[in-house]
Amino acid sequence: MEISLLLMQQIAQLFLILIMGYAVVKVGLLKASDSRVLSVVMVYLVTPCVIINAFQIDDTPEIRKGLLYSMAIAAAIHVVLLVLSALLSRPLKLDAVEQVNVIYSNAAALVIPLVKALMGDAYVIYSCAFIIVQLVLLWTHASSLLQGSSALDWKKVLTNINMIAIAAGALLYWFRVVLPAPLQNTMSTVGNMMGPMGMLLAGMAIAEKPLREVFCTRRNYLPTVLRLVVCPLVVLVLLWVCHASSWVADGKNILMTVYLAAITPACATVTSMAQLYNRDAAHSSALYVLTTLLSIVSMPVMIGLFDLLL
């Protein structure tokens, strides 16, 4: 349970930063729309630095096996989430916006700083495996679902800045290119901004929407419970039944980084995509806000169960 308590502490710290973001908008120092500037810095500068720096590690057979293992687990988890969403969408009358919010988590913005704090920089690279799988599915499956068509925008998949950063980092790792220390230290310093900046953005987004509307709309709780409770529990049971932590050396810790990515709140990118495709972006924003706030409780509980079972 120690890891669960540490996670609760880290989330509590991030939550305080979220409140700061909420406050600067509520007191009139900034507008919620000003968060776009931070979003650009986050997406185009901070996240690529974190990803590229994550690949600056020693190349060992254990790390290569761990990468393949984490990629396979990430892909399997997404398959489970896609199947679960397909099975539940009709009986629960989930619309496209609710489905994508249930399937896709805010892994890129939240899990990397948590992994860095809880387990150290060496495990960040395994989080990238989940992010790679999710980025591809976001701009293929999620995009087509929100558009109501099967058309895939491969250009957006391949030109996504995070995908480019992953490709660059992988090439540097494959060819064993070690970046100069000043450059590595600079990217590490910039990457440390990820957690605080992500929560500032969340706080500013929350300030834009009346909290009464978020908390008093009963329908919001169905996708929220699916995202934070049902999906994590289903994935956890399957990992436990398959004894997935025993498949590779250090399997439990590697598996925890991937599982942590799967239990984070609804993906912030989904709201942007809902706006792009003229879907109910307000509903998506409400789900993002609600899952972000309630994940402060749900994530430590799920990691506690993970620690007990695996």
Side-chain angles (χ1 to χ4, degrees), residues 1-4 6-7 10 47-80 105 107-108 110-136 162-181 183-185 187-188 191-192 194-195 232 235-236 238-264 299 302-310:
M1 295 300 290
E2 183 181 352
I3 192 74
S4 184
L6 287 172
L7 177 61
Q10 291 299 320
T47 305
C49 283
V50 171
I51 292 172
I52 292 173
N53 204 43
F55 282 93
Q56 291 290 293
I57 55 175
D58 294 331
D59 180 31
T60 66
E62 289 76 20
I63 289 175
R64 288 196 297 272
K65 287 179 182 177
L67 274 172
L68 291 173
Y69 168 76
S70 56
M71 184 75 74
I73 293 293
I77 287 175
H78 278 91
V79 169
V80 170
S105 66
L110 191 56
V111 74
I112 290 177
L114 287 176
V115 169
K116 283 168 69 76
L118 293 173
M119 309 179 75
D121 290 343
Y123 288 91
V124 171
I125 191 169
Y126 303 121
S127 303
C128 291
F130 190 95
I131 294 168
I132 291 170
V133 175
Q134 179 159 282
L135 280 172
V136 172
N162 292 328
M163 291 297 288
I164 294 171
I166 289 167
L171 287 172
L172 291 172
Y173 171 76
W174 183 263
F175 291 106
R176 300 181 184 179
V177 177
V178 179
L179 297 174
L183 184 55
Q184 275 197 51
N185 292 336
M187 289 196 298
S188 178
N192 288 335
M194 190 173 202
V235 169
L236 180 58
L238 290 174
L239 293 175
W240 173 62
V241 169
C242 296
H243 303 286
S245 61
S246 64
W247 294 355
V248 295
D250 199 26
K252 183 172 181 177
N253 286 331
I254 296 172
L255 190 62
M256 184 179 289
T257 64
V258 181
Y259 184 67
L260 193 59
I263 64 174
T264 54
M299 289 180 66
M302 292 302 162
I303 288 297
L305 290 174
F306 175 95
D307 205 29
L308 285 174
L309 290 177
L310 289 99

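The structure displayed is predicted, hence computed values, not measured ones.
From I303, atom CD1 reaches atom CZ of F306 across 6.5 Å, with rounding to the nearest 0.5 Å. For the atom pair L310 CG and L305 CG, the distance stands at 10.5 Å (nearest 0.5 Å). Separation of atoms CD1 (I166) and CD1 (I52) is listed at 10.0 Å; rounding is to 0.5 Å. We find the OH-CD1 distance between Y126 and I254 to be 4.0 Å, quoted to the nearest 0.5 Å. In this structure, CD1 in I125 is found 4.5 Å from CG in L67, a value given to the nearest 0.5 Å. One finds the OG1 atom of T264 at 7.5 Å from the CG atom of L260 (value rounded to the nearest 0.5 Å).
In this structure, A244 and L255 approach most closely via the heavy-atom pair CB-CD2, 4.0 Å. Nearest heavy atoms, T257 versus S127: CB-OG, 4.0 Å. L179 approaches Q184 most closely through the heavy-atom pair O-NE2, 3.2 Å. The minimum heavy-atom distance linking C49 with M187 is given by the pair CB-O, 3.8 Å. Nearest heavy atom pair, residue M71 against residue V133, reads SD-CG2, 3.8 Å. The shortest non-hydrogen separation linking F130 to A74 is CA-CB, 3.6 Å.
With Q56 contributing its side chain and V177 its backbone, the two residues share a donor-acceptor pair below 3.5 Å. Judged purely by atom type and a 3.5 angstrom limit, S70 uses its side chain to pair as donor or acceptor with the backbone of G66. For S105 (side chain) and A261 (main-chain N/O), a donor-acceptor pair under 3.5 Å exists by modelled atom type. At least one donor-acceptor pair under 3.5 Å links the side chain of N185 to the backbone N or O of A181.
For the pair F55 and L172, the minimum side-chain heavy-atom distance is 4.5 Å or more. The side-chain heavy atoms of K252 and D307, taken from C-beta on, include a pair separated by under 4.5 Å. You'll find the side chain of L239 reaches within 4.5 Å of the side chain of Y259, heavy atoms only. Contact check for M256 versus L118: no side-chain heavy atoms found under the 4.5 Å cut-off.
In this structure, a donor-acceptor pair under 3.5 Å is absent between the side chains of Y69 and D250.
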